[in-house]
Amino acid sequence: MRCLSVPSSLELFISAYFLNNQPHVARFLFEQMPQRNTTSYNTLISGYVKLGCLSDAQTIFDTMPESNVVSWTSLLRGYIQAGAINEAEALFRRMPEKNVISCTVMLGGLIQEGRIDDARRLFDTMPERDVVTRTIMVSGYCQMCRTAEAREIFDDMPRRNVIAWTAMISGYAHNLQLDQARKLFEVMPEKNEVTWTAMLTGYTQAGRIEEANDLFKRMKMKPVIACNAMIIGFGQCGMVTEARDVFNQMLEKDDGTWSSMVKIYEQNSSPLEALDLFRSMQMANCRPSVPSIVSVLIVCANLAILGHGRQVHAVMVRSHFDSDVFVVSALITVYVKCGELAMARMIFDMSDGKDVGLWNSMITGYAQHGLGEEALKIFNDMCSAGVIPDEITYIGALSACSYSGMVERGKAIFKSLNSNSIVRPTAEHYACMVDMLGRAGQIEKALEIIRKMPVEADAVVWGALLGACRIHKKVEIAEIAAKKLLQLEAWNSGPYILLSNIYAAMGRWEDVAKLRKVLSLRSVSKSPGCSWIEVDKTVHMFTGGDIMVHPEHEIIACMLERLDGLLKEMGYTPDLSYVLHDVDEEQKMLNLRYHSERQAVAFGLLKVREGMPIRVMKNLRICGDCHTAINLIAKAMAREIILRDANRFHHFKDGNCSCREYW
DNA sequence: AGTAACACCC
């Protein structure tokens, strides 16, 4: 009687369990095998390698009675995957027997390390090369932007399959040689979905959205990857509706589809749609991955909506994402931007394996809240911990000094930035310095810095100078800065408004009028001011004057009325000179009396539970008059009010603001 | 045992 070949069917099961991410079951089956041969051992080794369990693979390899070239190659692959290239090379040298495949695996490892020339040396000495070997070389050269050498290998190939063609096409596309890619695309014998997708993403990444869309429309099968690329491409061009159309038409979505769409809404100033879609994503039972959770967290941070942020945090903890540095630093930013510094700090302290980004989130967090000392303490801790600061670290540390008026310490940090060799000072660092000196009243020194800086001063730098001129009423330098800004960003109304405020404060009304004329002639865009507040997981958005839009506008109006009375009792009179000459869009609504931040505060007073702080966000800088008024309101109503504007936080409590009027 | 497309992120 003949028996079925039991071992081989068990091996099938073993690899199936590995694929299913159940190595213990696989191992159990292996232990149960009545007889094991080299192939059974190899199944186990490759299974462990695929799951990244290198030490298990190594143990099996060490204990197996007889290894062959396949066992060695699997293990080699394991070391390469783990990034242990030195160990891999040592292993490769020790191999008793090598064939095309093992050499090719080694080749891939070298390319992964960016060592294309070493790979080439190995390639030249190989006794035999096949399609796979050559294809790997083609994509290796392309990764290093050396498409000419890639093309030589490609042209030399005795035989080419779809994969080889696609590798060459996608290599050209990644290097923005789209027309070269297209030529090959047109002449190649048979294309598959991957080929089409490679060509398409080449176009989307180059911003050539029409050509991408042409291809996309011609594709019979539209794989998720191609659709996602199309969504991202449309999103980058600001074509939100088109992106959404693709999204809607997809029968099958992955988490990249959802999170890309969420991000597009967020970046194209549709935050509410972003959140709404995130909610639908959860309802569609789409399990978020690390990148998608990060992009949603960024939406929460940018909108500073604590309730949503907490919800995502909960999702994260449940999915065990709370150990990923990207996720954790985004989460810290959420709590920072929601004004929950203590929570941010706790998450920071609890995280281990802190990388630069994580430290940076905490440093910039303290800086944004005007807590310079704490920010610098974290900065020092970071250096003591042996973590190398990057550009962002320095921006955080310098702006911490700037917001807290610590000029001397700022200068010292700037000096150390200039003397270290790792980070080169950029325009942004100079902007911090200009901001710092400017706020401290050293406007001439700030201008001096701009004149001497080695990189070209951009709008951020000049904007910092102009802002300082506004605080200290330095009209001559303000004019210089404004003129520069008008050259750099003609579309931006900000400089006009600032300059006009300075003129107004000095009583130079003719200049105010002149500016106003220029502004209307140029019809520059004014970003509409809006404020929002989150109550019971709903975000309520207010725009200046548009009070009737809100469903509860009647009680809000009553509250505003009441607050007006209170303010009057406290001896407050609106700073009309300030208001009258602000050309901000919101100011036009003056006769409607209320700025968006005040509406949001009024709504908060009505809806937020007694004793809880009111958190209001504004997309622009808070208006000076509102700053005074809200400070008084916080005192009169005995409420803590936290207002985040475009620049920083203002914690109003007991008649004081955390910015100490230094903003 | 090894090859091509996306990739959102501090």
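Treat the numbers as computed from the prediction; the structure is a model and nothing was measured. Chain letters run A, B, ... following the sequence lines, proteins first, then strands; residues in each count from 1.
What separates CG of L44(A) from P of dA1(B) is a distance of 13 Å, to the nearest Å. The separation between F185(A) atom CZ and dA4(B) atom P is 19 Å, rounded to whole Å.
Test W72(A), F61(A), F30(A) against Y41(A) for ring pair (Phe, Tyr, Trp, His ring centres under 6.0 Å) and you get one pass: F30(A).
Taking the ring centroids of F379(A) and W359(A), they lie at or beyond the 6.0 Å cut-off.
Rounded to the nearest 0.5 angstrom, L331(A) CG and L297(A) CG are separated by 6.0 Å.
The residue I332(A) sits apart from the nucleic acid: no heavy atom pair falls under 4.0 Å. Contact annotation for S259(A): base contact, defined as any heavy-atom pair under 4.0 Å involving a base atom. Residue contacts for I293(A): at a heavy-atom cut-off of 4.0 Å it reaches no nucleic acid atom on any strand shown. Counting any heavy atom pair closer than 4.0 Å across all strands shown, G108(A) reaches no nucleic acid atom. At a threshold of 4.0 angstrom between heavy atoms, the contacts of N42(A) with the nucleic acid are absent. Residue I136(A) is classed as a sugar-phosphate contact, given heavy-atom separations below 4.0 Å to backbone atoms only. Residue contacts shown for S74(A) are limited to sugar-phosphate atoms, with no base heavy atom under 4.0 Å away. Counting non-hydrogen atoms under 4.0 angstrom, N192(A) reaches a base of the nucleic acid. The residue T195(A) sits apart from the nucleic acid: no heavy atom pair falls under 4.0 Å.
Between R218(A) and D214(A), none of the side-chain N atoms (NZ, or NE/NH1/NH2) sits under 4.0 Å from a carboxylate O, so this pair counts as no salt bridge.
Taking every side-chain heavy atom of S46(A) into account, dA1(B) is the closest of dA1(B), dC10(B), dC8(B). Among the nucleotides dT3(B), dC10(B), dA5(B), the one closest to any side-chain atom of V194(A) is dA5(B).
Of the side-chain N and O atoms in H174(A), none sit less than 4.0 angstrom from OP1 or OP2 of dA7(B). Phosphate contact (OP1/OP2 of dC9(B), side-chain N/O of K263(A), threshold under 4.0 Å): present. At least one side-chain nitrogen or oxygen of Q205(A) sits closer than 4.0 Å to the OP1 or OP2 atom of dA7(B).
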